[in-house]
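I have placed the structure first, in the form of structure tokens, so that the comments after it can refer back to it.
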Number of protein chains: 2
Amino acid sequence: MEKKENIIESAQKLFSRFGFLKTTVDEIAKAARMGKASIYHYFKSKEDIFREVVEKERQILSGKTREAIERENTPQDKIKAFIVTRMECLSELANIYDALKNEYLEHYAFIEKARAANFREEIETVKAILQDGVNDGVFEIYDIELTSFAIITALKGLEYPWTIEIPSHEIEKNIDKLLDILFNGIVKR
Amino acid sequence: MEKKENIIESAQKLFSRFGFLKTTVDEIAKAARMGKASIYHYFKSKEDIFREVVEKERQILSGKTREAIERENTPQDKIKAFIVTRMECLSELANIYDALKNEYLEHYAFIEKARAANFREEIETVKAILQDGVNDGVFEIYDIELTSFAIITALKGLEYPWTIEIPSHEIEKNIDKLLDILFNGIVKR
DNA sequence: GAATCGACCAAAAAACGAATATAGTCGAGA
DNA sequence: TCTCGACTATATTCGTTTTTTGGTCGATTC
């Protein structure tokens, strides 16, 4: 399966640079040093190639996020690790970012599936951390599923397509403040 | 100034329906029962018309939000009133929604200004409520500006262009849960 | 003088048809 | 089995023409 991996690697680079729509199968073939028609021996379609590239990046994202979480001890630090690692990875893995965010890709069924799966995975990850926190007596939460949902929603605000310029150190402070609010709330203790 | 108000009203309807870009000055003139050239006696440009329409809606939004907040007694209820009223109004006032969100309008300087002004107003509104809460001994907050910023960020998650379908009762529950987290946090008290 | 609008203009947008590019197929050859 | 040149239907791009649009100007009316 060396040829197939070679194609995936070439495609990953080109898709990252030019996006799914602007990258041609011919370009992928050339970068993989083969004829275009040969690509179809290994993949059913251009979409199939992209799906496998996105899956590869999803596995990288999952792996790094899991590692970062496992490196921490408190549920608070685990949540922070989840948020920070995820943001860092998404800014590097251009293809999965596209798959999740690019509105021009919305109408592809496989993109819809990838987005639903990603959302589910985020919820499950946060749920697991929250459950541990509750089991350890650190967190007090009555509806873990809904709380996970709310947290993911709040985090989406960090990804919001801000239409005004915000300095990046403000975003970091913002993350820390969001975490502070998440853990302690604003009502006097 | 009756003629000018008539133009604004006609324009508001047409802009709401077709958007700024797709509405022509000729259509506005016809709806206002005058010749196109007469519009330019009252307004400098098409952009000028839109600016005034957006300003009119901003005042409606501001007014309703302020009323809703003043109707409440506790800082918690005031924050909720702010969030709920704002979401309701934005879903009705199509022109200010466009001005704030539509990426095809981004390059107009007056849109940029409107967005910055709106953001500032949101921050100031939340800050005022938080300050009252602190003064009343209900909230305990060390950086009110940053906290306001974080809250607005989290609320942006509710406006996130979700690329997967979410039932609307889930969104309501999500608001309540977000408020619960905002007030009480998740760390055991 | 203020308000109105038909005629006009430059530039932008839309429409159109021809040319080119693209994803995918097929069959011959190694 | 793997490779790829030749091929096809369709999509995209391109250049040109036509139409539309925002805005201006000057004559007319009140």
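Chain letters run A, B, ... following the sequence lines, proteins first and then strands; every chain starts at 1. Excluded from the calculations below are hydrogen atoms, water molecules and symmetry mates; all remaining heavy atoms, backbone and side chain alike, are included.
Comparing dT3(D), dT21(D), dT24(D) against the side chain of Thr24(B) picks out dT21(D) as the nearest. The side chain of Tyr40(B) lies closest to dG22(D) when the candidates are dC4(D), dG22(D), dT3(D).
Taking atom NZ of Lys30(A) as the reference point, atom C1' of dT3(D) lies 16 Å away to the nearest angstrom. Whole-Å rounding puts the Leu14(B) CG to dT21(D) P distance at 13 Å. Between Tyr42(B) atom OH and dG23(D) atom P the separation is 18 Å, expressed in whole Å. The interatomic distance linking Lys36(B) (NZ) with dG23(D) (C1') rounds to 7 Å, in whole Å. Nucleotide dC2(D) holds its P atom 12 Å from the CD1 atom of Ile7(A), rounded to whole Å. Distance Asp26(B) CG to dT19(D) P: 17 Å, rounded to the nearest Å. As rounded to whole Å, 14 Å separates atom P of dT24(D) from atom CD1 of Ile39(B).
Looking only at side-chain heavy atoms (C-beta outward), His41(B) and Lys3(B) stay at 4.5 Å or farther from each other. Residues Leu21(B) and Asn102(B) form no side-chain contact, since every pair of their non-hydrogen atoms from C-beta on lies 4.5 Å or further apart.
Between the CD1 atom in Ile186(A) and the CD1 atom in Ile129(B) there is a gap of 9.5 Å [rounded to 0.5 Å].
Proximity of the aromatic rings of Phe20(B) and Tyr108(B) is defined here by a centroid distance below 6.0 angstrom, and this criterion is met. Proximity of the aromatic rings of Phe149(A) and Phe119(A) is defined here by a centroid distance below 6.0 angstrom, and this criterion is met.
Checking Asn6(B) against Glu2(B) by side-chain atom types alone, no donor-acceptor pair falls below 3.5 Å.
Where His41(A) and Lys22(A) meet DNA chain D, the nucleotide closest to each residue was compared, and His41(A) sits on the side nearer the 5' end.
If you check distances only, the side chain of Lys46(B) never reaches the base of dG23(D) with a donor-acceptor pair under 3.5 Å.
In summary, contact between chain B and DNA chain C, defined as any nucleotide atom under 4.0 Å from a heavy atom of the protein, begins and ends at dA3(C) to dA14(C) in the 5' to 3' direction.
Relative orientation of the Phe50(B) and Phe110(B) rings is perpendicular, given thresholds of 30° and 60° on the angle between their planes.
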